[in-house]
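Written out below as structure tokens is the structure these notes cover.
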There are 2 protein chains.
Amino acid sequence: MVTKATSIDIAYKAGVSQSTVSRALRDSPLVNLETRQRIQAIAKELNYKVDKNASNLRMQNSQTLALLLCEDPTNDDSLINPFFLSMLGSITRASAQKGYDLLVSFQQLSSDWHADYEDSNKADGIILLGYGDFVDYERKLAKLLEQNTHFVIWGAEHNHKSVLTIGCDNHQGGVSATEHLLSKGHKNIAFIGDSSSHSPEFRDRYLGHLAALKKAGIKDNSAMQFAAISTETSGFDATNALLNSGESFDAIFAASDLIAIGAIRALNARGLKVPADVAVIGYDDIPVASFANPPLTTIKQNTKLAGEILVDSVLKLINGEQVSPQLIPTNVVIRQST
Amino acid sequence: MVTKATSIDIAYKAGVSQSTVSRALRDSPLVNLETRQRIQAIAKELNYKVDKNASNLRMQNSQTLALLLCEDPTNDDSLINPFFLSMLGSITRASAQKGYDLLVSFQQLSSDWHADYEDSNKADGIILLGYGDFVDYERKLAKLLEQNTHFVIWGAEHNHKSVLTIGCDNHQGGVSATEHLLSKGHKNIAFIGDSSSHSPEFRDRYLGHLAALKKAGIKDNSAMQFAAISTETSGFDATNALLNSGESFDAIFAASDLIAIGAIRALNARGLKVPADVAVIGYDDIPVASFANPPLTTIKQNTKLAGEILVDSVLKLINGEQVSPQLIPTNVVIRQST
DNA sequence: CTGAAAGCGCTTACAG
DNA sequence: CTGAAAGCGCTTACAG
């Protein structure tokens with residue numbers, strides 16, 4: 001095994017001190033330009049790379065961010081929420097662009113949770129995606145706060161003022177979805193998705209839905225809301241419950257695309273056509289949405305922008321800059337399901 | 001800002017030396033049990049976490065793995081191959097299970113490529129997923145080899161003997177796909193996917209296809225193969241080319257699910273029904289596959305197992321153990337498109 | 001512009 | 001069983 005070159009090896013070869021090598025490699029103007037270039041050339045030749053452990057230890061920062069994905073406990077082992085996967089992609093890109101590495105971790109419910117990345121100096125800041133169980137989650141957030149960790153969470157506005165939340169405007173998204181259905185002439189709109197405080201994002205969407213109905217002068221009917229988590233199966237089940245309830249409806253607002261796909265399957269199973277008999281709108285615009293049958297009208301969350309803002313925000317937090325929560329606007333993507 | 005506790009703080013509080021603290025925290029039997037427990041209790045109380053930079057520097061390893069995703073250059077910016085995304089999930093899980101952290105990086109074509117993770121001591125080993133341009137890729141592999149990096153790649157068996165490849169048995173998968181179509185009575189089977197050396201995995205699938213035809217005594221017709229990369233659009237275009245070619249066919253073997261979905265769209269656009277007029281089989285079993293219309297029959301690659309084997313393999317490499325390339329078997333998932 | 005020196009926070013031989 | 005000391009490979013004040 002070829003042993004790795006160190007700054008001392010370079011110093012020896014260049015006939016200068018190790019400090020000078022270190023300065024030269026960081027391109028310090030303190031070092032004579034010529035010397036600097038000579039040293040850099042030797043470094044390249046020896047295939048030298050700064051030892052991050054040493055430099056991080058010395059500098060007391062790690063130039064890496066940690067991304068913690070907390071999955072819904074109900075999800076099956078192999079399936080990751082496709083929306084989070086998109087976020088993962090954009091966060092990876094955004095942090096690379098800022099010169100940060102990204103440590104990714106899927107939080108098992110049981111485990112030590114936030115894996116103490118920042119505590120162990122492996123990361124300078126943390127991005128949290130998804131809450132498993134929301135109550136558990138709250139406890140853990142409290143601990144992060146207490147330890148002065150730099151972190152930002154994705155999701156619905158948090159009532160604790162010192163938690164920095166970045167999220168899409170779920171309320172506005174809910175309004176848009178329902179207004180779109182109303183514009184298509186639907187009046188009896190069912191909502192499929194958990195609207196309790198366990199799913200703050202879904203709840204905001206539901207509240208937006210109600211607001212849009214109210215504005216249109218339509219009385220809402222709480223019997224038209226059926227709880228579901230964000231899986232196809234759960235959407236299927238909830239839609240069957242809706243069908244069995246005897247309520248009459250001509251449109252469904254599903255709190256997520258996965259739910260919408262389950263809903264369509266349930267409707268088809270009863271011989272109902274989408275959108276002819278029932279219009280269905282989803283939420284997220286996950287990749288599957290455009291391949292669904294029929295292609296799904298949905299509320300798009302701009303994951304690219306979201307990733308960038310998330311990364312920017314932690315970075316600001318790390319640098320002690322002022323940051324405030326941000327709501328990212330959503331937009332309706334009209335396809336064939338409505 | 002609360003400053004982080006160090007082992008010296010604990011030593012002070014416990015009235016022992018720092019070395020003893022270090023030993024106690026690593027649960028060394030050298031330290032008196034009672035002292036050990038006392039120290040551990042204090043550590044917990046102070047919310048102490050070992051500084052990874054310091055310990056990694058000292059131990060000369062990082063307990064982290066790097067995952068490098070090299071995307072097809074043709075992919076649009078926001079879209080990540082869903083198959084890789086599944087792999088990402090399973091690799092993350094597998095490495096967490098082994099006590100390793102995972103650094104994830106999407107390789108831009110332009111950039112410094114492998115980001116020199118191992119060189120800079122940020123990772124003990126590297127997992128490579130996907131080749132952008134295959135020729136470029138080869139050059140980079142050579143460099144990794146030369147630098148004695150511990151790495152393993154996902155894909156088709158590599159001709160360079162010292163490159164450790166883990167992959168699904170693409171040849172067998174190709175045989176299975178075609179045998180499935182044959183068993184349904186199809187005789188004129190088109191293959192959509194690049195079968196050149198630029199896409200070694202697709203080529204192996206194609207070779208399997210040919211082998212199955214031969215075994216069944218059917219002459220293959222090279223005019224029935226149309227190149228496509230793994231995107232829906234590319235599959236759509238290639239299928240149109242097939243349709244325009246005037247060749248008659250009753251089944252399509254698509255080299256990936258994304259291609260298959262594009263193929264179905266192209267067939268539908270010409271008024272052809274799947275599977276009534278043309279049967280279509282895909283490859284990968286990405287999440288979208290089961291939501292496609294009709295749900296896609298496909299060759300499933302076991303990503304969970306693949307992730308585990310990948311991680312196990314780099315780990316063995318790191319520990320200097322013997323490792324050999326592995327082919328993971330595939331299986332046919334029958335749905336409604338055939 | 002350059003070098004000698006301190007120190008980041010650990011782990012672990014060495015000595016007792 | 002415990003402590004004093006060296007050293008992992010850097011960065012950066014300090015002195016010249």
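Chain A is the first sequence line, chain B the second, and so forth, proteins listed ahead of strands; every chain is numbered from 1. Note that the structure is a prediction, hence the values are computed from the model and not measured.
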Specify the residue among Leu30(B) and Tyr48(A) whose closest nucleotide of DNA chain D lies further upstream toward the 5′ end. Leu30(B)
Within a reach of under 6.0 Å around CD1 of Ile8(B), are more than 12 heavy atoms found that belong to other residues, nucleotides or ligands? no
Leu310(A) versus Trp154(A): any side-chain heavy-atom pair under 4.5 Å? yes
Main-chain N/O of Leu102(A) paired to Thr64(A) side chain as donor or acceptor, under 3.5 Å: no
Atom NZ of Lys122(B) and atom P of dC8(D) are separated, to the nearest Å, by 22 Å
Using a cut-off of strictly less than 4.0 Å, decide whether Thr35(B) has a side-chain nitrogen or oxygen near OP1 or OP2 of dT2(D). yes
Where is the tightest heavy-atom contact between Ile42(A) and Ala14(A), given as atom of each residue plus distance? CD1-CB, 3.6 Å
Taking NZ from Lys49(B) and C1' from dC8(C), how many angstroms apart are they, rounded to a whole number? 20 Å
What is the distance from CZ of Arg36(A) to P of dT2(C), rounded to the nearest Å? 10 Å
Give the rounded distance in Å between these two atoms: CG of Asp51(A) and C1' of dG9(C). 14 Å
Distance-minimising heavy-atom pair for Ser90(A) and Lys304(A): CB-CA, 3.8 Å
Take atom C1' in dT12(D) and the same atom in dG16(D), then report the distance between them in whole Å. 16 Å
Between Gln40(B) and Ala24(B), the two heavy atoms sitting closest are NE2-O, 3.0 Å
Heavy-atom closest pair, residues Met87(A) and Gly307(A): CE-N, 4.5 Å
Numerically ordered, the residues 12-24 of chain A set in heavy-atom contact under 4.0 Å with DNA chain C is Val16(A), Ser17(A), Ser19(A), Thr20(A), Arg23(A)
Range-with-range stems of DNA chain D (Watson-Crick or G-U pairs under 3.5 Å, three or more in a row): C:1-3 with D:14-16, C:5-12 with D:5-12, C:14-16 with D:1-3
Close approaches to DNA chain D from residues 52-61 of chain B, in residue order (heavy atom, under 4.0 Å): Leu57(B), Arg58(B), Gln60(B)
Atom CD of residue position Glu34(B) - does it have more than 12 heavy atoms of other residues, nucleotides or ligands inside 6.0 Å? no
Is there a donor-acceptor contact under 3.5 Å from the side chain of Arg36(B) to the main chain of Val31(B)? yes
Please name the pair of heavy atoms, one in Cys168(B) and one in Leu327(B), separated by the smallest distance, quoted to 0.1 Å. O-CD2, 3.6 Å
Between dG9(C) and dA13(C) - P atom distance, rounded Å: 23 Å
Heavy-atom closest pair, residues Ala306(A) and Ile328(A): CA-CD1, 3.5 Å
